[in-house]
Asks: 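Below: one structure in structure tokens.
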Amino acid sequence: MKCPDKIVVLLALCFCATGFAWAESAEHRFQPVEMYQCNFKKGEDRSRFDRIIPSWNKWMDIYYGEAYRAWALSPDFNDPDSTFDLTWIGAWKDGRAMGHSQDNWAEKGDEQMAIFMSILDCPIHASMAAEQLVRGTAENAERSVVSFRDCTVAEGKTVDEAIDAVRTFANYMAEQGSKASQWVFYPVWGPTTDVSFNWVEIYPNYTQLGADFERYGNGGAYKKADELLMGTVDCRHASISRATKVREANVDN
């Protein structure tokens, strides 16, 4: 699914399913991702959104009963034609936790959802399966910088071949000193898309993203990218968003 650069609501969910392109290899470990893409309603803005988060967190502590992380993203470098106003990213440990959470939210969360929907219009609700390629610490930070790229597997190649190429390059960048956490998000449910996966890089700050700019350009890492990726996967230009953590709960394996 295409990830926008505006403030979108993104929730991370991982599903086990057969028949999807991302399920080619049993050795992969997936976590669930659910995405809402939202705009603010007339007269509303991010400040109102931020004011409702503390009461939502208190409700979650009392009634939700699930380990759940969430982030709100706002766009920095983006394409206005494919950008929304808010990105919310949340995560569960696995598909069972996600399924139980969805049932629990449907049973108990109507009032909380109505509060969110009083200030947001969310025309898109989608889910993805998230696979971590390189582990980092940015996911635990209160604030981070997130890069999204839409990627398509080249003709004649498989998803596994494309992911292996991305994984090899991600590990190469880590060996060069990159601090980015590297993920891929595979589309599962929701809007129809021609994107094979999203390549997601999470940085602790712009300083570290800028350091990768130097490694990639002036450090020559683009040559390694061409060697590994060209003819295997085609990725569009990245969009960059600032992420703020809005809920913390342990979802680690």
Side-chain angles (χ1 to χ4, degrees), residues 1-14 22 28-37 67-78 83-84 86-93 126-151 163 166-187 195 197-216 221 225 229 233 235-253:
M1 137 149 233
K2 186 170 184 177
C3 293
D5 336 329
K6 262 188 179 175
I7 306 178
V8 184
V9 180
L10 248 160
L11 300 168
L13 306 152
C14 194
W22 52 265
H28 294 225
R29 176 68 179 94
F30 302 110
Q31 286 183 265
V33 178
E34 170 184 49
M35 174 184 278
Y36 290 92
Q37 298 180 345
Y68 181 73
R69 282 180 181 165
W71 297 260
L73 279 67
S74 42
D76 263 355
F77 296 90
N78 59 283
T83 300
F84 288 78
L86 185 82
T87 305
W88 166 292
I89 302 179
W92 290 275
K93 179 179 179 178
S127 71
M128 295 172 288
E131 180 183 8
Q132 190 170 48
L133 305 183
V134 173
R135 189 172 181 85
T137 60
E139 296 94 337
N140 299 320
E142 293 302 311
R143 297 183 184 277
S144 55
V145 177
V146 184
S147 165
F148 290 98
R149 293 183 222 178
D150 293 341
C151 298
I163 296 303
V166 172
R167 189 193 312 274
T168 300
F169 181 71
N171 281 312
Y172 169 81
M173 290 296 289
E175 291 167 1
Q176 302 308 304
S178 174
K179 303 302 181 185
S181 300
Q182 303 267 1
W183 293 76
V184 290
F185 289 176
Y186 305 90
V195 174
F197 58 86
N198 299 116
W199 183 355
V200 182
E201 298 173 290
I202 308 173
Y203 291 89
N205 47 49
Y206 264 105
T207 298
Q208 294 303 327
L209 186 149
D212 268 10
F213 178 97
E214 284 297 307
R215 291 183 183 99
Y216 190 86
L229 305 177
V233 61
C235 296
R236 300 173 190 167
H237 290 164
S239 63
I240 308 295
S241 299
R242 293 180 185 265
T244 301
K245 186 184 291 183
V246 295
R247 180 168 178 79
E248 175 61 80
N250 182 21
V251 296
D252 291 336
N253 295 331

Asks: Rounded to the nearest 0.5 Å, how far does CZ of Phe197 lie from CG of Asp150?
Replies: 10.0 Å

Asks: Determine the minimum heavy-atom distance between Pro204 and Ala138, stating which atoms define it.
Replies: N-CB, 3.7 Å

Asks: What pair of heavy atoms forms the shortest contact from Ala221 to Tyr172, and how long is it?
Replies: CB-CE2, 3.9 Å

Asks: For the backbone of Arg215 and the side chain of Asp212, can you confirm whether one donor and one acceptor N or O come within less than 3.5 Å of each other?
Replies: no

Asks: Atom CZ of Arg135 and atom CH2 of Trp183: how far apart are they, to the nearest 0.5 Å?
Replies: 8.0 Å

Asks: If I compare all heavy atoms of Tyr186 with all of Phe30, which pair ends up nearest, and what's the gap?
Replies: CE1-CE2, 3.5 Å

Asks: Is it true that Arg29 and Glu131 make a salt bridge, defined as a side-chain N closer than 4.0 Å to a carboxylate O?
Replies: no

Asks: Return the OG to CH2 distance between Ser147 and Trp199, rounded to the nearest 0.5 Å.
Replies: 8.5 Å

Asks: With a 3.5 Å distance limit and no angle check, can you tell me whether Asn198 reaches the backbone of Val200 through a side-chain donor-acceptor pair?
Replies: no

Asks: How close do Ser181 and Gly136 get, counting heavy atoms only, and between which atoms?
Replies: OG-CA, 3.0 Å

Asks: In Å and rounded to the nearest 0.5 Å, what is the NE2 to CZ distance from His237 to Phe77?
Replies: 14.0 Å

Asks: So do Glu201 and Arg149 actually touch side chain to side chain, heavy atoms under 4.5 Å?
Replies: yes

Asks: Quick check: closest heavy atoms across Trp71 and Ala141, and the distance to 0.1 Å?
Replies: NE1-O, 4.5 Å

Asks: Can you measure from CG (Asn205) to NZ (Lys179) and round to the nearest 0.5 angstrom?
Replies: 11.0 Å

Asks: From the options Asn78, Val146, Leu209, select the one residue that forms a side chain to side chain contact (heavy atoms under 4.5 Å, CB included) with Ile240.
Replies: Leu209

Asks: Please report the closest heavy-atom contact between Leu229 and Val166, naming both atoms and the distance.
Replies: CD2-N, 3.8 Å

Asks: Around Tyr206, counting heavy atoms of other residues, nucleotides and ligands shown, do more than 12 lie under 6.0 Å from its OH?
Replies: yes

Asks: How many angstroms lie between SG in Cys151 and CD1 in Ile163, if you round to the nearest 0.5 Å?
Replies: 8.0 Å

